[in-house]
Visitor: 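I am attaching a structure below and will ask some questions about it afterwards.
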Amino acid sequence: MSAIEANFDGLVGPTHNYAGLSEGNLASAKNAGNTAAPRAGVLEGLAKAKRLADAGLVQGFLPPQERPFIPGLRALGFTGSDREVWENAFRKAPVLARNMASASAMWAANAATVSPSADTADGRLHMSAANLLSTLHRSIEGPQTAQALRAIFPGPDHFAIHDPLPFQSAYADEGAANHVRLCAEHGAPGVELFVYGRDAFETWDARFPARQTRQACEALARRHGLDPDTVVIARQSRAAIEAGAFHNDVVCVGNGPVLFFHELAFEDTEGTLDAIRSAAKGLFDPVFVEVPDAEVPIGDAISSYLFNSQLLSWPDEDRMVLLAPMETAETASTKAYCEKLVAGNGPIGRVEHADVRQSMRNGGGPACLRLRVVLTEAERAAVNPGVILDDRLFAALTDWAKTHYRESLSPADLADPDLVDESRVALDALTRIMDLGGDFYDFQRG
Ligand code: SUG
């Protein structure tokens, strides 16, 4: 069956800030306390998305989540009006309050794991919202994500949207950031590669946390109804995690039959590649592009985010396009590697650069900002049209961002109770622009 790959980007939310909340994410730690620019951040994301839409690719958006998340603070015992809850929380438990204000839902690659209908037993597209339980600020995303996915991909004929896996450390799941689908073409049955950092039943004593368990990967493959013969479950290397690759998509990206990855991405590289080769037998011939540490040291790969690029089949081009962060053009080793890559006759023919610096400073590159969803024609027709980017939506969202977003937001500014009202006014307006319904957000129901 023919199908396209659509990208759904997380819109940068009005509370985008640098709170240093993610242990093991070097950019988040480095920029903790800096002043963020929410308006510039959302406009950068919109510009990146528009490039894909202008090229003829299908591009959609996932809405920001309600932040500051007042229901989360009420659950912890803070009372009073919504403004009072925020003021009290910020005064008495500032760290908790900051965790309830993060705009981290922008990193849509962590929203869910997606299995296209060509891979699943019941022929429906399956998505599992991620529980993101490894970090406090992201652990509150799952339920709102599932709700957003259901509003955008209404079931049950075409889409099966699953709730997050059980909220227990054994099932720690970070969504598509640890999942790569390889295939001959988007609509053909593929091989789904799941990557985990730790086994739930081992002692993990590395420098940084491992955010995905093997048991979560197994559960996702089962609940999506995947054929075990076309599933590969591989271990991310401890060295990569300790160097700051808190998700596999910091060291690896795939598209079609191509897997582009750093030498240190997997604990057992040969075993992983062999497993992919045998799972792909009869479906397609995998193409491996392995980047040696001697050419791009793992530290450069992580600071520049070379692998957190979007690897795209570009309309009317024979070879793929790598939409890489600007920072890869500013890092000597990755710049040289990319020049060599396109000069060769491999599968990647062009490298483009995206400026998503506001997100990058929190450890989120172009690939973090998007959730890939392969859609057949019938599935595409069933998607809520209000979230699909066209000129009308681009103009409306640009206007909306300029009206509602602050130019700058420092950690001290977060305490301002006006932020609660401002972001609600913005999100309420967004539900009309994106046709999400007047009771989409908790505060709209309340
Ligand atoms: O989960 N950063 C995100 C970045 C996510 C990147 N996603 C992928 N690689 N797919 C994270 O660590 C930082 C927030 C702060 O510190 O304010 C943050 O959540």
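Because the structure is predicted, anything quoted here is derived from the model rather than measured. In listed order, ligands and their atoms are each counted from 1.
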Visitor: Determine the minimum heavy-atom distance between A172 and S134, stating which atoms define it.
Guide: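 Result for this residue pair: CB-OG, 3.9 Å.
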Visitor: With S115 as reference, evaluate R223, H126, E192 under the side-chain hydrogen bond (donor to acceptor under 3.5 Å, both in side chains) test and give the passing residue.
Guide: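 When R223, H126, E192 are each tested with S115, the side-chain hydrogen bond (donor to acceptor under 3.5 Å, both in side chains) holds only for E192.
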Visitor: Going by the atom numbers of ligand 1, which of them fall below 4.0 Å from some non-hydrogen atom of R211?
Guide: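 By the 4.0 Å cutoff, the relevant atoms are 1 (O), 11 (C), 12 (O).
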Visitor: Consider side-chain contact (heavy atoms from CB on, under 4.5 Å). Of D421, L427, V420, D82, which one does F443 pass it with?
Guide: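 So, applying the side-chain contact (heavy atoms from CB on, under 4.5 Å) to F443 and each of D421, L427, V420, D82, only L427 qualifies.
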Visitor: Do ligand 1 and W107 have nitrogen or oxygen atoms that lie under 3.5 Å from each other?
Guide: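 No; the residue has no nitrogen or oxygen that sits under 3.5 Å from a nitrogen or oxygen of the ligand.
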Visitor: Can a side-chain donor-acceptor contact be found between K50 and Q59 if the only test is distance below 3.5 angstrom?
Guide: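 No.
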Visitor: Can you list the atoms of ligand 1 that are under 4.0 Å from a heavy atom of A177?
Guide: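 Taking each heavy atom of A177 in turn, ligand 1 has 10 (N) under 4.0 Å.
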Visitor: Is D249 touching ligand 1 with its side chain, its backbone, both, or neither, if touching means heavy atoms under 4.0 Å apart?
Guide: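 The side chain, only.
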Visitor: Could you list all the ring-ring contact (aromatic ring centres under 6.0 Å, His included) pairs where at least one residue sits in residues 7-29, not counting sequence neighbours?
Guide: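 ring-ring contact (aromatic ring centres under 6.0 Å, His included) check on residues 7-29 returns F8-F153, H16-Y18.
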Visitor: Ligand 1 versus A19, non-hydrogen atoms closer than 4.0 Å: side chain, backbone, both, neither?
Guide: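 Both backbone and side chain.
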Visitor: Establish, yes or no, whether the cationic atom of R238 lies under 6.0 Å from the six-membered ring centre of W204 and within 45° of the ring axis.
Guide: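 Yes, R238 lies over the aromatic ring of W204.
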Visitor: Does R98 have a heavy atom less than 4.0 Å from any atom of ligand 1?
Guide: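 R98 does not count as a contact of ligand 1 under the 4.0 Å cut-off.
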Visitor: Provide the number and element of each atom of ligand 1 under 4.0 Å from a heavy atom of H137.
Guide: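 Those atoms are 14 (C), 18 (C), 19 (O).
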Visitor: Just distances here: any N/O of S22 and N/O of ligand 1 closer than 3.5 Å?
Guide: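 It does: an N or O of S22 is found under 3.5 Å from an N or O of ligand 1.
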Visitor: Could you say whether the N/O atoms of V250 and ligand 1 ever approach to under 3.5 Å?
Guide: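 For ligand 1, there is no N or O atom that lies under 3.5 Å from one belonging to V250.
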Visitor: Consider ligand 1: state whether an atom of it lies below 4.0 angstrom from any non-hydrogen atom of N17.
Guide: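 For ligand 1, residue contact (heavy atoms, under 4.0 Å) with N17 is present.
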Visitor: Which atoms of ligand 1 have any heavy atom of S28 under 4.0 Å away?
Guide: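 This gives 13 (C), 15 (C), 16 (O) as the contact atoms.
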Visitor: Do the ring planes of F261 and F288 sit parallel (below 30°), tilted (30 to 60°) or perpendicular (above 60°)?
Guide: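 Rings of F261 and F288: perpendicular, as their planes differ by over 60°.
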Visitor: According to the interplanar angle, ranging from 0 to 90°, do the rings of Y305 and F246 count as parallel (below 30°), tilted (30 to 60°) or perpendicular (above 60°)?
Guide: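 Answer is tilted, since the angle falls between 30° and 60°.
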Visitor: Would you say ligand 1 has an N or O under 3.5 Å from any N or O of A109?
Guide: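 No - when backbone and side-chain N and O of A109 are compared with those of ligand 1, no distance drops under 3.5 Å.
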Visitor: Pick one: which of T15, D416, D418 meets side-chain hydrogen bond (donor to acceptor under 3.5 Å, both in side chains) with R406?
Guide: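 With R406 as partner, side-chain hydrogen bond (donor to acceptor under 3.5 Å, both in side chains) holds for just one option, D416.
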Visitor: What part of N362, side chain from CB on, backbone N/CA/C/O, both or neither, has a heavy atom under 4.0 Å from ligand 1?
Guide: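 The answer is both, backbone and side chain.
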Visitor: If the cut-off is 4.0 Å to any non-hydrogen atom of G20, which atoms of ligand 1 fall inside it?
Guide: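 Near G20, meaning under 4.0 Å from one of its heavy atoms, ligand 1 has 15 (C), 16 (O), 17 (O).
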Visitor: Kindly determine whether W86 and F78 satisfy ring pair (Phe, Tyr, Trp, His ring centres under 6.0 Å), including the steps that lead there.
Guide: CA-CA 8 Å; W86 185 240; F78 293 100; 9.6 Å; no
Visitor: Any nitrogen or oxygen of S102 lying under 3.5 Å from a nitrogen or oxygen in ligand 1? Just yes or no.
Guide: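 N/O-N/O distance below 3.5 Å does not exist for this pair.
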Visitor: What pairs with E66 under side chain to side chain donor-acceptor pair (under 3.5 Å), at least two apart in sequence or on another chain?
Guide: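 Partners of E66 under the side chain to side chain donor-acceptor pair (under 3.5 Å) test: none.
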Visitor: Mind checking whether N110 contacts ligand 1 via backbone (N, CA, C, O), side chain (CB onward), both or neither, at a 4.0 Å heavy-atom cut-off?
Guide: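 Contact part for N110 vs ligand 1: side chain (C-beta onward).
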Visitor: For ligand 1, which atoms sit closer than 4.0 Å to a heavy atom of C368?
Guide: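 What qualifies from ligand 1 is 6 (C), 7 (N), 8 (C), 9 (N), 10 (N).
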Visitor: Heavy-atom distances under 4.0 Å decide this one: backbone, side chain, both or neither, for R138 against ligand 1?
Guide: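 Within the 4.0 Å criterion, R138 contacts ligand 1 through side-chain atoms alone.
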